[in-house]
Amino acid sequence: MATKSVQKREADGKCDAPPQKKQFGHWSQGLKSSMDDPELRIDADEKIVIIKDKYPKAKFHFLLLPKISIPNLKSLTKEHVELLQHIEKKGKALAKKSDPNLEFRFGYHAVPSMSLLHMHVISQDFDSPCLKNKKHWNSFTTEYFVDSSDIIKQLQERGRVELDTSRFQEMLKRNLRCHVCKKDLPTIPALKTHIKLHSYSKKS
DNA sequence: GTTCTAGAAC
DNA sequence: GTTCTAGAAC
């Protein structure tokens with residue numbers, strides 16, 4: 001017998017079913033169109049574009065991209081140090097403007113899913129309905145997330161970025177662990193309940 | 001990157 | 001029984 005299909009919508013549906021604009025090319029090229037999307041683009045200067053992450057994983061989550069097309073971290077050379085310093089400086093100013101008392105991190109995914117080099121600016125509350133799975137969590141709270149300052153330091157010291165790619169697969173599959181107190185949590189819902197107990201304010 | 005959903009886990 | 005995860009998507 002055919003039962004009525006359930007209209008199952010998440011209670012926190014803010015992350016679901018965004019208006020599907022026509023995307024050209026593979027999904028991994030999505031940042032290219034996001035850069036020009038007035039809904040997402042919040043600022044730009046002569047060197048970079050700043051957009052909101054389309055699926056923010058925290059209260060504040062932005063992406064900063066160079067206007068010149070840099071594919072990934074491996075493409076970086078000493079010539080890019082000034083550009084990356086500019087990106088980090090702009091990112092920190094944006095964080096301060098967004099909420100001066102909130103903790104933020106500034107960095108890059110070791111193996112990003114999306115093409116075009118982009119620095120994440122993300123508040124450390126990780127309070128968002130778009131944060132849904134282990135990969136999301138571990139990509140921002142393990143060494144998979146590489147601080148901008150570390151990237152710049154490597155470029156200055158060695159002229160390129162070297163990352164131990166053999167460890168990344170394992171990092172994303174690690175057990176869920178609170179980034180503040182290191183407590184292990186069994187599930188994503190339990191983790192999300194737990195991390196609400198911490199303060200992410202710089203002032204205490 | 002996301003959506004969808006089978007079946008594991010409880 | 002429901003909750004939750006993890007893999008396919010041509």
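To find a chain, count down the sequence lines: A is the first, B the second, and so on, and within it residues start at 1.
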Any pair counted as salt bridge (Lys or Arg N to Asp or Glu O under 4.0 Å), so long as it reaches residues 109-123 of chain A, sequence neighbours left out: none
Applying a 4.0 Å non-hydrogen cut-off, can you work out what [X] is touching in the nucleic acid: base, sugar-phosphate, or nothing?
| X | value |
| --- | --- |
| A/His109 | nothing |
| A/Pro112 | nothing |
| A/Thr187 | sugar-phosphate |
| A/Lys173 | nothing |
| A/Leu31 | nothing |

Which nucleotides of DNA chain C pair, in dot-bracket form (Watson-Crick or G-U under 3.5 Å, | meaning another strand): |||||||||.
With a strict under 4.0 Å distance from non-hydrogen atoms of chain A, what nucleotide opens and what nucleotide closes the contacted stretch of DNA chain C, reading 5' to 3'? C/dC4 to C/dT5
Sequence neighbours left out, what passes ring pair (Phe, Tyr, Trp, His ring centres under 6.0 Å) with A/His86? Give chain and number order. none
Which pairs pass ring pair (Phe, Tyr, Trp, His ring centres under 6.0 Å) with one or both residues in residues 158-193 of chain A, sequence neighbours excluded? A/Phe126-A/His179, A/Trp137-A/His179, A/Tyr144-A/Phe168, A/His179-A/Tyr200
Determine whether A/Asp36 and A/Arg41 make a side-chain contact, defined as any pair of heavy atoms from C-beta on separated by less than 4.5 Å. yes
Output yes when A/Glu143 and A/Arg174 qualify as a salt bridge under the 4.0 Å nitrogen-oxygen rule, no when they do not. yes
Salt bridge or not for A/Asp147 and A/Arg105, using N-O below 4.0 Å? yes
Run through A/Asn72, A/Ile87, A/Leu76 and flag the one making a side chain to side chain contact (heavy atoms under 4.5 Å, CB included) with A/Tyr108. A/Ile87
Residues at least two apart in sequence or cross-chain that pass salt bridge (Lys or Arg N to Asp or Glu O under 4.0 Å) with A/Asp164, listed by chain then number, are none
